[in-house]
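To keep things clear, I will list the structure first and then write my remarks on it.
Residue numbers count from 1 along this sequence. Since the model is a prediction, treat every value here as computed from it, not as a measurement. Just so you know, these numbers use all the heavy atoms, side chains as well, and skip hydrogens, waters and symmetry mates.
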Amino acid sequence: MGAITPIGLNVDEYWKGLHDGVIGFAPITAFDTADYKVKIAAEVKGFDPQQYMDRKAAKRMEAFAQYAVAATHEAFDSAGLDMEKEDSYRVGCAVGSGVGSLQAIEREYEKLLNRGPSRVNLLLVPQMITNMAAGNISIQFGIRGKCINVVTACATGTHNIGEAFRSIQCGDADVMIAGGSEDAITPISVAGFTSLNALSTCNDPAKCSIPFDKDRSGFVIGAGAGIVVLEELEHAKARGANILAEVAGYGATSDAYHITSPAEDGAGALHSMKFALDDAGVAYDDLYYINSHGTSTHHNDLFETRAIKALFGEHAYDMKVNSTKSMTGHLLGGAGAIEFIACVLQMQHGYIHQTVGLEHPDEELDLDYVMGSGADMDIEYALSNSFAFGGLNASILIKKYHE
């Protein structure tokens, strides 16, 4: 696994942040927010792309692609993957970004308006398009197999891991590099999400992202990347890989309801979770932990809770449901990937991180959201949820690996 996050620039730092309840929220430094209602974000801090790639390569990549390549370096090291010993056409890549580089678009559009079309950077298109995280990973690491970029807004990271899982299952690859990356903390992005009333306008870092709380007011936009190496089991065993966990099931649905609001009864989310559990052949009562989408928006937190209660019935009250976004903010296309990694880390350490900042759960939100402090717990299965504009839902079921 590899991670570049607002609370740590590698997996170990990320885990320490999750365990200790560190929040990654601070005033936006990427641009002047004087005229903006929203002034807080979860930026990546202290990142130096030249620690992971040469200067020329870094200059040709926008931040979202740099984060993806950097996280892939860590994931390769973690996996002990040596491309010289692999058939490069049997190693693939499924890494997505929800929006690509809005920075490049804003920067070059200003040139277009002020200096004319001839001054637009010749690299604008290959810098801005969303598939360049996957493309640059392929180039940097010599990956010649299937290379895809599933773009589903805030479900991107989870869909890419799920589709990588399917690619291995159906025999398209032995190994898939999978995940998501994003850096959309830009003027147009913040203005657009603010106009939708999606972002928290609270400018107190301790209170701006409080999933499931009655005082929640929207999500905090974040940046970063999460990358995992998925591998067919016998292939992993044959090379003596250090297997961290097992992907057991994957579910994906659409609400067919509204472009921004989830279905009020949570039916799409319910079926996404159901399909993941059924795909794995896991009894619903055997699941005790869900890493929620948990955005800190009114509708998501409420409707996801309804979906959990509708699917699991009374067992829902025996489960722990937390939100990683209470610390990292919402990484959009990168969210599902770093939350998948959070699930594996919690499974490894036998510890469920708290939902930071949650003090007063809303009236209908009556599950165990791990409020106040984390909890020691043996985790056999973890379910990670990601939902997106357009009514898109994705769920991944992760299983503790037993030799």
Side-chain angles (χ1 to χ4, degrees), residues 2-11 13-14 17-18 22-31 33 36 38-49 51-52 58 61-74 95-107 127-128 130 132-134 136-137 151 153-158 160 179-194 198-200 205 208-209 218-227 295-296 323-342 386 388:
I4 299 290
T5 79
I7 60 171
L9 298 182
N10 56 55
V11 169
E13 289 180 4
Y14 179 43
L18 293 175
V22 174
I23 56 173
F25 313 123
I28 293 170
T29 63
F31 61 93
T33 61
Y36 292 75
V38 172
K39 302 180 187 298
I40 296 285
E43 296 175 318
V44 170
K45 306 167 189 72
F47 176 78
D48 179 3
Q51 290 183 4
Y52 310 94
M61 293 182 217
E62 291 293 299
F64 81 98
Q66 293 176 351
Y67 297 159
V69 168
T72 303
H73 272 288
E74 184 183 15
V95 175
S97 173
V99 298
S101 179
L102 294 176
Q103 291 92 335
I105 295 171
E106 291 178 2
R107 184 174 64 240
Q127 286 180 329
M128 76 178 187
T130 57
M132 292 310 284
N136 277 298
I137 289 169
V151 181
C154 303
T156 293
T158 300
N160 276 278
S181 184
E182 204 81 86
D183 185 1
I185 305 172
T186 77
I188 193 67
S189 174
V190 171
F193 280 119
T194 302
L199 294 183
S200 173
C208 58
S209 181
F219 72 81
V220 174
I221 193 167
I227 300 291
T295 58
S296 190
S323 172
T324 301
K325 293 181 182 72
S326 66
M327 289 175 273
T328 64
H330 191 351
L331 272 62
L332 309 182
I338 67 164
E339 288 157 15
F340 178 99
I341 291 170
S386 294

Hey, what do you get for CE (Met132) to CD1 (Ile137), rounding to the nearest 0.5 Å?
11.0 Å
What is the distance from atom CZ of Arg107 to atom CD of Glu62, rounded to the nearest 0.5 Å?
4.5 Å
Rounded distance [0.5 Å steps], CG in Asn160 versus CZ in Phe340
12.5 Å
Between Val220 and Ser209, what is the shortest heavy-atom contact and its length?
CG2-CB, 3.9 Å
Tell me which one of Ser101, Ser97, Ser189 satisfies side-chain hydrogen bond (donor to acceptor under 3.5 Å, both in side chains) with Glu182.
Ser97
For Glu106 against Ile188, the heavy-atom pair lying closest together
OE2-CG2, 2.7 Å
Side-chain (Lys45) to main-chain (Gly24) donor-acceptor, under 3.5 angstrom
yes
Less than 4.5 Å apart, side chain to side chain, heavy atoms only: is that true for Leu199 and Tyr36?
no
Measuring from atom OG of Ser326 to atom CG of Leu18, what distance do you get when rounded to the nearest 0.5 angstrom?
8.5 Å
Thr5: side chain to side chain contact (heavy atoms under 4.5 Å, CB included) partners, not counting sequence neighbours:
Ala3, Ile7, Tyr14, Ile338
Please check this pair: side chain of Thr72 against backbone of Ile227, looking for a donor-acceptor N/O pair closer than 3.5 Å.
no
Measure across Thr158 and Ser386 and return the closest heavy-atom pair with its distance rounded to 0.1 Å.
OG1-OG, 2.6 Å
Shortest non-hydrogen separation from Glu74 to Gly2 and the atoms involved:
OE1-CA, 3.3 Å
Interatomic spacing from OG1 in Thr33 to CD1 in Ile40 - rounded to 0.5 Å:
8.5 Å
For Cys208 and Ser296, the nearest pair of non-hydrogen atoms, with its separation, is O-OG, 4.5 Å
Keeping the roles fixed (side chain from Glu43, backbone from Thr29), state whether a donor-acceptor pair exists under 3.5 Å.
yes
Compare all side-chain heavy atoms of Leu332 with those of Thr156 and state whether any distance is below 4.5 angstrom.
no
By side chain to side chain contact (heavy atoms under 4.5 Å, CB included), Pro49 pairs with (sequence neighbours left out) Phe47, Met53, Ala58, Gln66
Shortest non-hydrogen contact from Ile28 toward Ala41
CG1-CB, 3.5 Å
Side chain to side chain contact (heavy atoms under 4.5 Å, CB included) involving Ala198 - partner list, sequence neighbours excluded
Phe193, Leu196, Phe219
A side-chain contact here means heavy atoms from C-beta on lying under 4.5 Å apart; do Ile105 and Thr186 qualify?
no
To the nearest 0.5 Å, what is the distance between OH (Tyr67) and CG (Leu331)?
9.5 Å
